[in-house]
Amino acid sequence: MSQAQDIDIEDADGVIESVSGPVVTAADLDARMNDVVYVGEEGLMGEVIEIEGNLTTIQVYEETSDVAPGEPVTNTGEPLSVDLGPGMLDSIYDGVQRPLDVLEEKMGAFLDRGVDAPGIDLEKEWEFTPEVEEGDSVEPGDVVGIVPETQSIDHKVLVPPGFEGGTVESIEEGSFTVTEPVATLSGGEEVTMRQEWPVRKARPTVEKQTPRTPLVSGQRILDGLFPIAKGGTAAIPGPFGSGKTVTQHQLAKWADADIVVYVGCGERGNEMTEVIEDFPELEDPRTGKPLMSRTCLIANTSNMPVAARESCVYTGITIAEYYRDMGYDVALMADSTSRWAEAMREISSRLEEMPGEEGYPAYLAARLSEFYERAGKFQNINGSEGSISVIGAVSPPGGDFSEPVTQNTLRIVKTFWALDADLAERRHFPAINWNESYSLYREQLDPWFKENVSEDWDDTRQWAVDVLDEEAELQEIVQLVGKDALPEDQQLTLEVARYLRESYLQQNAFHDVDSFCEPEKTYLMLTAIKTFHDEAFKALDAGVPVTEITSIEAAPRLNRMGTAENYEEFIADLKEEITEQLRDLY
Ligand code: ADP
């Protein structure tokens, strides 16, 4: 956070009237909506959320248990903002962008109150290399220089939006802190590596474009059946134990985004501790460098105050927008948006607002859509293109997708990956239900897959979808009469569908090879199962009994494609053998 100035309590211009959990009401405070204020003797950080006559309502980002009426409130006059600059990658923040390691140093493992810390290190020096020269003309958004932020990412130093711009009067290579000017413009404006931005306001762009490139995840069921675009939106509703965390980790590790912003929003404390402990250990499998060198973590556990949970998604998306402005493809994962919605519900009830469905505020839908609206593929104000893909986990109580957060999210996002507790129980992983999931990006991404993978990418996928749909219908009959009562062609369809499920849809996140499946392999695996299908039906037409067809020796090897090291050769050989063995039957 950028409001780290020491405010003298004597300057207080308001007085606390009442305290209700994270919500404090003050009288006589001269404030505007969304101003950041310091509350009580301890100076706890809060934000103005309602003004009525002489009374101002404030949501406080820290525990308010010792705050009492009569204590002072000071207004900073600034909206809730984040500090943007080098050093955000490889950082772990709380919901108001206080670096957790700095907080811990200041107050030990138990987070104290009234402690402020800037979001980026103000003392650290960075090596700055200019990209423009004296005399060049620059506008807001233009890149004036580059700073190697981490092993993986070059940080581009931008003329902040809102600057006039002009001719570069001076610019120099060298070591600078984020507050020292690296360039001076003709109108006297000084460009530093640090920008502030109010979190509730989207950073400006030229236009939102239709995304046409997939965010390749290396997960077969996602890339193959339910792809998300770079700049797209997706929801993963995950009942407990269904693999929400593993899926989000897989995406953070493998998705071909330049930058990952991971917002852990009020999940159970121990789960976030896992993320905080796990992530710094993880390696970026593409580069071998630490995953954190392209990741920013925002961690708000449920034992942190509820209002900080409300703000953490805004902090995350603002950081994502800043890297997008540099022309990067950013993936933001929010885990879980349900906890965020619950924070809204709690604050709303403290304000005694008229509750909507299941006690959530009436503006739940609007807040969710404002948040997802900040995702997209954009043309930036400096002419570059960047994207933010947003993947929100939802934790519907009891796995019931009809509850308001899931339903409102579904109206907004274009990709839906439905995690399924039954599949998880049967150890079918990833436990994404292929009958319930969907992606509205399929058609607009097909040209990319056709050009980069195979001309018949879409036809092959459609074939698999049809077989799986048919299986779902047949299963209902099987439940009633048993599999053997089905005609032979339908029994064969069930066998093909079984291979689709076991060899294609299942993917072991913990297997060295299977963990990541490139689109070429995803495609080839389908063609192998289709070869089995086509040749098996030819054999059936020629009068071969289904039991003979399904017992050919090569078929079970379809289930080893995922873990095959040299997949091209493995799959080519397998297709040949399947064809030979089936043709030998007639
Ligand atoms: P949730 O976060 O939804 O409670 P987890 O992500 O922790 O669930 O998953 C629960 C367990 O399921 C994991 O510990 C793991 O054993 C298994 N699992 C989930 N997804 C996969 C996967 N893709 N591959 C292998 N195992 C998985």
Side-chain angles (χ1 to χ4, degrees), residues 215-228 234-255 260 262-279 281-282 285 291 297 299-302 331 333-342 391-401 403 405-406 409 415-434 436-437 500-518 521-522 525 559-564:
L215 181 74
V216 172
S217 67
Q219 311 306 302
R220 285 188 286 275
I221 184 163
L222 307 186
D223 298 339
L225 300 188
F226 310 112
I228 175 175
I236 322 184
F240 178 73
S242 58
K244 185 162 49 77
T245 312
V246 175
T247 308
Q248 294 269 41
H249 279 209
Q250 285 295 90
L251 287 165
K253 256 167 100 169
W254 291 113
V260 171
Y262 195 103
V263 183
C265 178
E267 272 304 310
R268 282 174 299 278
N270 54 347
E271 284 186 11
M272 269 327 290
T273 317
E274 245 174 60
V275 172
I276 294 171
E277 281 171 4
D278 284 359
F279 265 67
E281 307 277 307
L282 295 178
L291 193 63
L297 269 184
N300 242 276
T301 61
S302 53
M333 279 131 218
D335 184 10
S336 126
T337 56
S338 299
R339 304 282 170 268
W340 173 45
E342 283 160 18
I391 297 151
V394 186
S395 346
D400 170 14
F401 292 173
E403 59 86 41
V405 182
T406 313
T409 305
T415 320
F416 180 60
W417 301 322
L419 286 171
D420 183 322
D422 287 341
L423 287 175
E425 199 160 302
R426 284 189 265 141
R427 315 284 311 153
H428 173 114
F429 289 118
I432 295 169
N433 184 313
W434 53 94
E436 286 186 43
S437 301
L500 279 175
R501 281 187 283 110
E502 292 179 359
S503 77
Y504 183 77
L505 297 181
Q506 289 194 24
Q507 184 173 354
N508 185 352
F510 304 109
H511 186 281
D512 280 351
V513 175
D514 203 21
S515 186
F516 175 80
C517 189
E518 59 249 62
K521 184 174 175 186
T522 293
M525 286 176 67
N559 284 351
R560 299 211 329 250
M561 290 189 291
T563 53

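Counting starts at 1 for both ligands and their atoms, in listed order.
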Could you measure the distance from the NZ atom of K253 to the CZ atom of F516? Nearest 0.5 Å is fine.
12.0 Å

About how many Å separate CD1 of I221 and CG of L500, when rounded to the nearest 0.5 Å?
11.0 Å

State whether the shortest distance between N or O atoms of [X] and N or O atoms of ligand 1 falls below 3.5 angstrom.
X: G238; value: no
X: V246; value: yes
X: G243; value: yes

Which one holds for [X] and ligand 1: side chain close, backbone close, both close, or neither close, with close meaning a heavy atom under 4.0 Å?
X: Q507; answer: backbone
X: P239; answer: backbone
X: H428; answer: neither

Within the 3.5 Å criterion, strictly below it, is a donor on Q250 or S217 matched to an acceptor on the partner's side chain?
no

Donor-acceptor under 3.5 Å (Q248 side chain, I236 main chain):
no

Has the side chain of R220 got a donor or acceptor atom that lies under 3.5 Å from a matching backbone atom of Q506?
yes

[X]: numbered ligand 1 atoms lying under 4.0 Å from its heavy atoms:
X: A509; result: 22 (C), 23 (N), 24 (N), 25 (C)
X: F510; result: 15 (C), 25 (C), 26 (N), 27 (C)
X: R427; result: 16 (O)

Is [X] close enough to touch ligand 1? Criterion: a residue heavy atom under 4.0 Å from a ligand atom.
X: G241; value: yes
X: S242; value: yes
X: Q219; value: no

Please state whether the rings of H249 and F279 are parallel, tilted or perpendicular, taking 30° and 60° as the class boundaries.
perpendicular

Would you mind checking if D514 and K521 are paired as a salt bridge, meaning a charged N to carboxylate O distance below 4.0 Å?
no

Between A564 and V513, which heavy-atom pair has the shortest distance, and what is it?
O-CG1, 3.6 Å

